[in-house]
Amino acid sequence: MRTHMCGELRFSEVDKTVSVCGWVASRREHGSQLSFVDVRDHTGVIQCVVDNEVDVRSEYVVRITGVVRARLEGTTNINLPTGEVELGECVVEVLRTAEPPPFPIDSRADKVDENTRLQHRYLDIRRERMQRNLRVRAKVNSAIRGAMEAQEFVEVETPMLVPSTPEGAREFLVPSRKDPGSFYALPQSPQLFKQLLMVAGVDRYYQIARCLRDEDLRADRQYEFMQLDAEMSFASQDDVLEAISKAVEAAAFAVTGETPPPIERMTWRDAMETYGVDKPDLRFGMTLVDLTDVFSATEFKAFSGAASIKGINASGKAEEMGRNKLDGLTAKAKQMGAKGLVWLKVAADGTLDSPVAKFLSADEQAELVQRFAAVAGDLILIVADEWDITCEVLGTLRNDLGRPPVWQGPYRYVWVTEFPLFVGVDKETGKPKPGHHPFCRPHPEDLDKFETDPMSVRALAYDLVLNGWELGSGSIRIHESDLQRRVFNALGISDEEADKKFGFFLRPFEYGAPPHGGFAFGIDRLVAIIAGEENIREVIAFPKTQSGTDLMTGAPTPPNAKQLAELGIRVLPPKA
RNA sequence: GGUCCCGUGGUGAAGUGGAGUUCACGCCGGCCUGUCAAGCCGGAGGUCGCGGGUUCGAACCCCGUCGGGACCGCCA
């Protein structure tokens, strides 16, 4: 039907007779003798000159045949890539008329309520922004496949109807018709299957896998999302990180044309000490400075004896942070479990302006100014508490005060390694809880601390972080039963209970599980950041709203009585 | 489960207790031979999300509800 795409016509095509197909982006009529029709396809827009009357309206689908010609002098349009040429002597065929769209099919719709965009997603996707995002996504998928295949990973598809597993995210359940009262679960990840593929000798597996989790939605979370899921046998942590790095770098290169610098590494401990979060945003400073030693002999009661005292310097923020906002920060710190928040403003004469300044000695004040390299107009925030609270509170305040939008460059990837094996304590059993999942391999250097100091045991577990967003995580797994038993013991899970809960998963390991480890990262998140979006809905063709509905199709909808009867399901009346 | 924000013609905004809800874009009709998300003239189009309350009077204040969003919890 067409010989060229709209956006590709250039000076080099002059004098050629061409046909283009697309949608009417706009028309400008100058009487019955002359009108301009801009035709759009996903490659761009070309101006077509019609010398007679045509009745075409916005978004009519047309095929236009004409001769490419240079535009008259003074009428080129520098805003259009095709702006040096136009189609003349046009014959217009209307392939389909169209209703006026509910919003303009261009960048003006960026301001349209997302409701409306989602209700008419097929029109939203017609826009350049969405076309670009979906094509970025396709490039990322393709580059990842290429990188994984070049490293001899084998793509294996795993089932979508799987058994419900005891731990982890809430699952979507699918009723069984053949066995009423029984349900499949939709997979929150292919974890079980990929590890069994290692037992099966696949050696290197990958899949661009759809994962489903019935947890509340966010800007960076959808019920369904895509992950690069991978697992390797006979591999060290370095092997896994290197393999995944290649996939990420290939994806970035495919879109930006630049290979990012080698992805740096940071231990979890260092991330918490310096950034106060396990997903540090390395694009800005305001790092946490340790002050515990400064106040080791302080008279100030709030600081004296505190396990960990740290602070951040919000450079130049003293002026804009009035009493109200500081009270807000304090309230947030307290809500997060801190006993309080100390703030000090550096005055023009270099002295510290703060309600607590009078409790601090001259030496302490001088040392503070020096540690933060503080100058007039700076705002220093200090928390004194248990180490984890001090870090978390300041990390949160640091992000609140300084973090740029996630898409803003430069891209700062970082591997966060050596996550703790256990995090927190189960309120009921008094036993440690797994930081990740109970199959993560403990750090070999910490094996002797297992029974004596379990909370200090590190795991061979790692996250990949980009601009403060967690892209994904992975670990080296436990492949031997004796080590697995020690972990279960530390978790307070008896052999009997372990067999009951996880036997289906662990029993196959008895047939010869190789040492293995893997990783999974979220493609939606990676694409969003590379595409310059701060919401993954912008890189998903048909996303759901925060309450989990699809505004275009109306899903979810109630089933009919026949469906329910077949499934042996009776629906309870809604709660009063 | 929680906190906060938003909801006014098709779209985006203005209107924070008082006459007929205002404007821009879009839409429809007319004019127009070089425009370019054209220009000029005219026109149509609104349950102010919904329900209740306060008031002489509510788009506006209060309560509830629905829809959407950001975040916390949650996401081993």
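Residue numbering restarts at 1 for every chain, and letters A, B, ... go by the order of the sequence lines.
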Return the value, rounded to whole Å, for the distance between atom [atom1] of [X] and atom [atom2] of [N].
X	N	atom1	atom2	result
A:Asp110	B:rG12	CG	P	12 Å
A:Asp38	B:rC36	CG	P	11 Å
A:Leu217	B:rA70	CG	P	9 Å
A:Asp220	B:rC72	CG	C1'	13 Å
A:Asp524	B:rC75	CG	C1'	15 Å
A:Arg127	B:rA37	CZ	C1'	13 Å
A:Arg218	B:rG2	CZ	P	14 Å

Any donor-acceptor N/O pair under 3.5 Å between [N] base and [X] side chain:
X	N	value
A:Arg213	B:rC75	no
A:Ser107	B:rA37	yes
A:Asn77	B:rC36	yes
A:Arg117	B:rU11	no

When rounded to the nearest Å, what value does the distance between [atom1] atoms of [N] and [M] take?
N	M	atom1	answer
B:rA44	B:rG1	C1'	48 Å
B:rG17	B:rG10	C1'	30 Å
B:rC50	B:rA58	P	15 Å
B:rG64	B:rU3	P	11 Å
B:rG39	B:rG26	P	7 Å
B:rC74	B:rA13	P	35 Å
B:rG34	B:rA70	C1'	48 Å
B:rC25	B:rC61	P	30 Å

Between A:Ser164 and A:Glu171, is the side-chain hydrogen bond (donor to acceptor under 3.5 Å, both in side chains) condition met? List the steps. CA-CA 7 Å; A:Ser164 178; A:Glu171 296 166 320; 2.6 Å; yes
CD1/A:Ile476 to CE/A:Met232 distance, rounded to the nearest 0.5 angstrom? 8.5 Å
Going by centres under 5.5 angstrom and planes under 30 degrees, do the aromatic ring of A:Phe36 and the base ring of B:rU35 stack? yes
If you check every side-chain atom of A:Leu80, which of B:rC36, B:rC74, B:rA70 has the closest atom?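 That would be B:rC36.
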Look at the side chain of A:Glu86 and decide which nucleotide, out of B:rU35, B:rC75, B:rA37, has an atom nearest to it. B:rU35
Just the table, please: protein N/O against nucleotides 45-49 of chain B N/O, every pair under 3.5 Å.
none

Pair [X], [Y]: side-chain N/O donor-acceptor within cut-off below 3.5 Å:
X	Y	value
A:Arg398	A:Thr396	no
A:Tyr60	A:Asp55	no
A:Asp51	A:Gln33	no
A:Asp327	A:Thr330	no
A:Asp110	A:Ser107	no

Do the rings of [X] and [Y] sit parallel, tilted or perpendicular, given the 30° and 60° boundaries?
X	Y	answer
A:His120	A:Tyr122	perpendicular
A:Phe172	A:Tyr223	perpendicular
A:Phe488	A:Phe502	parallel

OP1 or OP2 of B:rU35 under 4.0 Å from side-chain N/O of A:Arg28: no
Applying the side-chain hydrogen bond (donor to acceptor under 3.5 Å, both in side chains) criterion to A:Gln195, which one of A:Glu231, A:His516, A:His479 satisfies it?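 That would be A:His516; it is the only one of A:Glu231, A:His516, A:His479 passing the side-chain hydrogen bond (donor to acceptor under 3.5 Å, both in side chains) with A:Gln195.
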Any strand, both distances under 3.5 Å, Watson-Crick or G-U wobble: B:rU11 pairs with B:rA24
Could I get the full list of side-chain hydrogen bond (donor to acceptor under 3.5 Å, both in side chains) partners for A:Trp415, not counting sequence neighbours? A:Ser245
Sequence-distant partners of A:Gln131, side-chain hydrogen bond (donor to acceptor under 3.5 Å, both in side chains), two or more places apart: A:Arg135
Quick one: label A:Gly435 by what it contacts on the DNA or RNA (base, sugar-phosphate, nothing), any heavy atom closer than 4.0 Å. sugar-phosphate
Just checking A:Asn52: base, sugar-phosphate only, or nothing, at a heavy-atom cut-off of under 4.0 Å?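 It contacts nothing in the nucleic acid.
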Is a side-chain N or O of A:Arg486 found less than 3.5 angstrom from the main chain of A:Leu447, in a donor-acceptor match?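 Side chain of A:Arg486 to backbone of A:Leu447, a donor-acceptor pair under 3.5 Å: yes, one is there.
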Counting primed atoms, P, OP1 and OP2 as sugar-phosphate and everything else as base, the B/S/- map of nucleotides 24-33 of chain B against protein heavy atoms under 4.0 Å is -S-SSS--BB
Residues of residues 390-408 of chain A with any non-hydrogen atom less than 4.0 angstrom from an atom of RNA chain B: list those, numerically ordered, please.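 Of all residues in residues 390-408 of chain A, none places a heavy atom under 4.0 Å from RNA chain B.
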Please walk me through it: do A:Gln47 and A:Asn77 pass side-chain hydrogen bond (donor to acceptor under 3.5 Å, both in side chains)? CA-CA 10 Å; A:Gln47 171 168 285; A:Asn77 183 347; over 6 Å; no
All N/O contacts under 3.5 Å from nucleotides 65-68 of chain B to the protein, with atom names and distances to one decimal?
unit_1, atom_1, unit_2, atom_2, d
B:rG68, OP1, A:Thr545, OG1, 3.1
B:rG68, OP1, A:Ser547, OG, 3.2
B:rG68, OP1, A:Thr549, OG1, 2.8
B:rG68, OP2, A:Ser547, OG, 2.7
B:rG68, O4', A:Asn115, ND2, 3.4

Walking RNA chain B from its 5' end, the first of A:Lys332 and A:Asp106 to be reached, judged by nearest nucleotide, is A:Asp106
Heavy-atom nearest nucleotide on RNA chain B for A:Gln335 versus A:Ala169: which residue maps closer to 5'? A:Gln335
Cation-pi check, A:Arg458 onto A:Phe422 ring (under 6.0 Å, within 45° of axis): no
